[in-house]
Amino acid sequence: QVQLVESGGGSVQAGGSLRLSCAYSGYIYSSICMGWFRQGPGKEREGVARINSNGRTSYADSVKGRFTISQDNAKNTLYLQMNSLKPEDTAMYYCAAGRPRWNGACYTGAASFDSWGQGTQVTVSS
């Protein structure tokens, strides 16, 4: 099991930026996908960005060009740089870890990630 702790959330005006961090520990298997998900008020949890062990990234269409996922293996930390934030980005953001597909690509659905952090709140005001 992987332990995950998010930080970096907060309140920002539209157009602003935030960087989320996720410190991970525990058993990190050699082939792993790390991802960021979010859940807004009254909405289902949705995938935002994913990165696999080879550094391959994928993004939801709604955040492409604005958000960047990265990781520092030396620090066991996952990041989500969020730029040009919009009010619709307001949500609780979660870090997650899970096994990849047979070809190494990450699944997009939350059900395929089995380790989760507690979340960090991001609020974007207009």
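Everything quoted here is computed from the prediction, not taken from an experiment.
Between the side chain of Ser112 and the backbone N or O of Ala110 there is no donor-acceptor pair closer than 3.5 Å. Checked by atom type and distance alone, the side chain of Ser115 never pairs as donor or acceptor with a backbone atom of Gln1 at under 3.5 Å. The backbone N or O of Cys106 lies less than 3.5 Å from no partner atom in the side chain of Asn52, so there is not a single donor-acceptor pair. Checking side-chain atoms of Trp36 against main-chain N and O of Tyr79 turns up a donor-acceptor pair under 3.5 Å.
Residues in residues 46-57 take part in these salt bridge (charged side-chain N to carboxylate O under 4.0 Å, His left out) pairs, two or more places apart or across chains: Arg38-Glu46. Listed by first then second residue, pairs satisfying salt bridge (charged side-chain N to carboxylate O under 4.0 Å, His left out) with a partner in residues 96-110 number zero, not counting sequence neighbours. A side-chain hydrogen bond (donor to acceptor under 3.5 Å, both in side chains) check over residues 6-22, counting only residues at least two apart or in different chains, returns the pairs Ser17-Asn83.
Between Val48 and Tyr59 there is no side-chain heavy-atom pair separated by less than 4.5 Å. Taking the side chain as every heavy atom from C-beta outward, Thr68 and Met82 never approach each other to under 4.5 Å.
Each of Tyr107 and Leu4 belongs to its own hydrophobic cluster when Ile, Leu, Val, Met, Phe, Trp and Tyr are linked at side-chain heavy-atom distances under 4.5 angstrom.
With sequence neighbours excluded, no residue forms a side chain to side chain contact (heavy atoms under 4.5 Å, CB included) with Lys43. For Thr90, the side chain to side chain contact (heavy atoms under 4.5 Å, CB included) partners at least two apart in sequence or on another chain are Gln121, Thr123, Val124.
Note that OG of Ser70 is 8.5 Å distant from CG of Leu80, once rounded to the nearest 0.5 Å. The structure places OG1 of Thr57 at 14.5 Å from CZ of Phe67, a figure rounded to the nearest 0.5 Å.
Taking every heavy atom of both residues into account, Ala14 and Pro87 meet most closely at CB-CD, 4.1 Å. What you find for Leu20 and Tyr93 is that their closest heavy atoms are CD1-CB, 3.6 Å. Closest heavy-atom contact between Ser31 and Pro100: OG-CG, 3.1 Å. Shortest non-hydrogen contact noted between Gln3 and Gly26 is OE1-CA, 3.4 Å. Nearest heavy atoms, Met34 versus Ile32: SD-CD1, 4.0 Å.
Here Tyr94 sits in one hydrophobic cluster together with Phe37, Met92, Phe113, Trp116; the rule is ILVMFWY side chains under 4.5 Å apart, joined directly or through other members.
The existence of a salt bridge linking Asp61 and Lys64 is confirmed by a sub-4.0 Å separation between a basic side-chain nitrogen and an acidic carboxylate oxygen.
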